[in-house]
There are 4 protein chains.
Amino acid sequence: MSQAQRGRPRDAQIDERVLRAAAEQLLRRGYGGLSVDEVAEQAGVAKTTLYRRWPTKDHLAIAVVAHLQGEDDITDTGDIRRDLTDYMEKIAAALNRLRSAGRPSGRDDRSAGVVAELVAAGARHDDIGEMGRRNYARRNALAAGLIERARERGELRADLDPVILLDQLAGALYYRVLVTGAPVDRDYAERLVTTALGGAMAEAFGPLPPADRTDRSADRSPSQKGRS
Amino acid sequence: MSQAQRGRPRDAQIDERVLRAAAEQLLRRGYGGLSVDEVAEQAGVAKTTLYRRWPTKDHLAIAVVAHLQGEDDITDTGDIRRDLTDYMEKIAAALNRLRSAGRPSGRDDRSAGVVAELVAAGARHDDIGEMGRRNYARRNALAAGLIERARERGELRADLDPVILLDQLAGALYYRVLVTGAPVDRDYAERLVTTALGGAMAEAFGPLPPADRTDRSADRSPSQKGRS
Amino acid sequence: MSQAQRGRPRDAQIDERVLRAAAEQLLRRGYGGLSVDEVAEQAGVAKTTLYRRWPTKDHLAIAVVAHLQGEDDITDTGDIRRDLTDYMEKIAAALNRLRSAGRPSGRDDRSAGVVAELVAAGARHDDIGEMGRRNYARRNALAAGLIERARERGELRADLDPVILLDQLAGALYYRVLVTGAPVDRDYAERLVTTALGGAMAEAFGPLPPADRTDRSADRSPSQKGRS
Amino acid sequence: MSQAQRGRPRDAQIDERVLRAAAEQLLRRGYGGLSVDEVAEQAGVAKTTLYRRWPTKDHLAIAVVAHLQGEDDITDTGDIRRDLTDYMEKIAAALNRLRSAGRPSGRDDRSAGVVAELVAAGARHDDIGEMGRRNYARRNALAAGLIERARERGELRADLDPVILLDQLAGALYYRVLVTGAPVDRDYAERLVTTALGGAMAEAFGPLPPADRTDRSADRSPSQKGRS
DNA sequence: GAGTAAGCGAGACGGTACGTCGCGTCTTCGT
DNA sequence: ACGAAGACGCGACGTACCGTCTCGCTTACTC
């Protein structure tokens, strides 16, 4: 059936050890502080072994993050607003985790941190880029299914393009993290989904509630309690 | 008033020569192919001189791009949809210019290219990041003014948050370029604005036209003529 | 008596295949171009197998050369000058074969080539060195016998030390190949023996004949002012 | 006159520090124990700086030895036998110094040690080889002058080829060190010169004196039957 | 017009990390 | 045991590029 075993098999523990060591360095010291040499040493692994599995520091970093984030699946509760908000929040949480890596906690830096470097890694190596795009395609296809079903239920307008909607939602999060430095949190995710669905909800749902717009100027105040 | 002139003044031509040389390398060979040593040599300038003006390769790269892109101001024609679409298209054009740098022209690569590296540069150096954020804040403030005025004219719903709207619009573009690799073009800009304004238009405008949705699957076909 | 056969016997063809592959690489690309991994692959043999027979790349190289050169025995015709010249020429031929390995033919390079690396191999590993020394001791003992017999016949002076004579003869060849880069050929071998035997011949032979020195041009010593 | 000073001049102390550190490692641990990384560290110099001056470990090693040996000039006392013997002894001394490098002092190893590696270095890099050959050409030209003058004085036979004579003399030393592993010392140098000059001395000088052969025990040649 | 403060060209230097190379060992399965 | 296959450990090598420093020279402004 499967290919017969040829040669010495890869030591499964090595992945574990290396990724653990790399994760620690990446989170503690940021992307620039991640050194292949040190990772190898700390993991008790020869550099060549490491390079046999991850041909580049960038590949290693990507693997670390993929390993850290694990699987975040999308749930379908039947309430499209809630599901999308959850999805956005998951993305936001992941971004925030990476954003603050390598910086003294508390330090509310607006820098994109590791997130930007990972994106750049995708730009530097075609294979990483391709993998990332496949990954996003997969997740967005799931989310698109969500939207599709909601539309079929009549919750959303018939002419809605799920791809664009998702671009707008996820895009806003990435834009804030990578470009404007604005915070992304639960509250923002809610407002985002609300706004985006504003014109997408089927007419039956009528105009949106007026949404309390106090203190919108800074858009960073931590006390945005949100509204009904 | 200003500090009296001490010592030899800086040679004004140098900026020009260096930026030209750097731009060529950046566009021809991408970010990784941009080397300070080579730029200095090609520009006929000492590295010292170069570093006196741009303290870092990242700073130089940012300056190059800023110099290349020039000023793209936002116009207010009174037609909010058109103005926003124009704005988005300008952003898209700038992104596309950078995206393809360093790659064989025909090669329709989906990589984020230099864009990602610039974002990463902002993440590596706080001053670059801060400058970028200020820049975006300024431009978005202008765009927000556009939206505000449209709202006051009654074109848009009263409860619309301009910041979120802009996040969704610009965010979608960046998301596509940096994350999903999807193309951003005039057609996409139009559909994007249309979708985003869908629920934001005041009721008076009525439901959106059904919008021809043929061939939405690939979402990359170049011949998407769009509709009114 | 001898140990009973345990397990699978060694495949006799393997030596042949490996040595052939190694010889090709060694001759074509020189010592640095000889790689154990590649030899194994080209010979269709596992590295393990290879290392079971030759514990080191150096050992392999030595084996290759020994295999290439084969046996060069010393003949005793009764004419000491001729016999010694033949011996020297055999050595010279072997040196020349190795000297040019790894270099474009025709290219009259003066480098010592593989010869130097073999000598170094002997310096790196005591067993190789020991083997080489034993080998030379054996051959030189044969040659010393030649000299001894010639002396007993009265052809050579009674107080001649055969060891020193051989040092001078063979040494000159090695010196030229390894140190000065000068060529060693038939002509040189003749002149060498003639010169060395000059003072060693028994008086009865009288002064040496002027020795036809035509075509000494190949010898590149710049200060050859010629002699009477 | 000389080229105007361009750029920062090389720090002269660096050569000193590096060569000292390298010499220590080379002598203490042999050629294999010489590591560029460690030399750089021990000398307190960046590896790049080191590579800027010596492009290869081999080049560094050669420089170390050249620096260690210093200038050994050839003296002309008018007594050709003595002068040649002195020259040979100087060569022998230099060889012996290198031969024992990296080995416990008492250990009378017969290995060629560092000498072989230096010769190999010359074979690996054409520029090193060329330099070595030039160096030997220069020294041998001086020695050839010695011989020439002796011949003109009538001390040596008119038809003697100085190049061959020197090949035989120096060659014997190198041959012993690199090939047979026999020792080279003052005594051997004397016997060597005596033998070589045996037939080269002008007839007027008559047969050679029997040459005191005390303490030949160090010479390990197995077939030393002695002579009349 | 001498002094001086800076700019500039050239290139050495320090530093860090990277990725590579090749060797020789070890582990697995199959013969 | 041998053999094929290939992972692993190890050590060093040479490189790339960055950003700093040290020269000598030049250009202005200042006194």
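Throughout, protein chains are lettered first and strands after them, A, B, ... in sequence-line order, and every chain is numbered starting at 1.
Annotation: side chain of C:T56 is not in contact with side chain of C:Y51 (no heavy-atom distance under 4.5 Å).
In terms of phosphate contacts, A:R53 brings a side-chain nitrogen or oxygen within less than 4.0 Å of OP1 or OP2 of F:dC8. Side-chain nitrogen and oxygen atoms of A:R52 include none within less than 4.0 Å of the OP1 or OP2 phosphate oxygen of E:dC21. Close to E:dG9, at under 4.0 Å from its OP1 or OP2, lies no side-chain N or O of D:R6.
Candidate nucleotides F:dC8, E:dT20, E:dT28 were compared by shortest atom distance to the side chain of A:I14, and F:dC8 ranks first. When distances run from any side-chain atom of D:A46 to the nucleotides F:dC10, E:dG15, F:dG14, the shortest one goes to E:dG15. Of the candidate nucleotides E:dG19, F:dA7, F:dC18, F:dA7 has the atom lying nearest to any side-chain atom of A:R10.
For E:dC26, its base sits under 3.5 Å from the side chain of A:R8 at one donor and acceptor pair at least. With hydrogens and angles ignored, no donor-acceptor pair closer than 3.5 Å exists between the side chain of A:T49 and the base of F:dG9. Residue C:T48 places a side-chain atom within donor-acceptor reach of the base of F:dA5, judged by atom type and a 3.5 Å distance cut-off alone.
With hydrogens and angles disregarded, no donor-acceptor distance shorter than 3.5 Å links the side chain of A:R99 to the backbone of A:G113. With hydrogens and angles ignored, the 3.5 Å screen pairs a side-chain donor or acceptor of A:K57 with a backbone N or O of A:L34.
The nearest whole Å value for the distance from the CH2 atom in A:W54 to the P atom in E:dG19 is 14 Å. When the P atom of F:dA12 is taken as reference, atom OH of D:Y51 falls 11 Å away, rounded to whole Å. Atom CD of D:Q13 is separated from atom C1' of E:dC13 by 14 Å (rounded to the nearest Å). Distance, A:L50 CG to E:dA17 C1': 14 Å, rounded to whole Å.
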Could you go through the side-chain contact (heavy atoms from CB on, under 4.5 Å) check for A:L26 and A:V65 one step at a time? CA-CA 9 Å; A:L26 185 62; A:V65 172; 4.0 Å; yes
Take A:L27 and A:V64 through the test side-chain contact (heavy atoms from CB on, under 4.5 Å) and record every step on the way to the result. CA-CA 10 Å; A:L27 295 180; A:V64 166; over 6 Å; no
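Mapping C:K47 and B:G7 onto DNA chain F by nearest heavy atom places C:K47 closer to the 5' end of the strand.
Note on B:R124 versus A:E117: salt bridge recorded, some NZ/NE/NH1/NH2 to OD/OE distance being below 4.0 Å. A salt bridge between C:R29 and C:E38 is present, with a side-chain N of the basic residue lying under 4.0 Å from a carboxylate O of the acidic one.
Residues A:H67 and A:D15 have side chains that never bring a donor and an acceptor to within less than 3.5 angstrom of each other.
Near DNA chain F, meaning a heavy atom under 4.0 Å away, there are no residues from residues 56-66 of chain C. Against DNA chain F, the stretch residues 20-44 of chain A makes no heavy-atom approach under 4.0 Å.
Partners of D:R28 according to the side-chain contact (heavy atoms from CB on, under 4.5 Å) rule, which considers only residues two or more places apart in sequence or in another chain, are D:E24.
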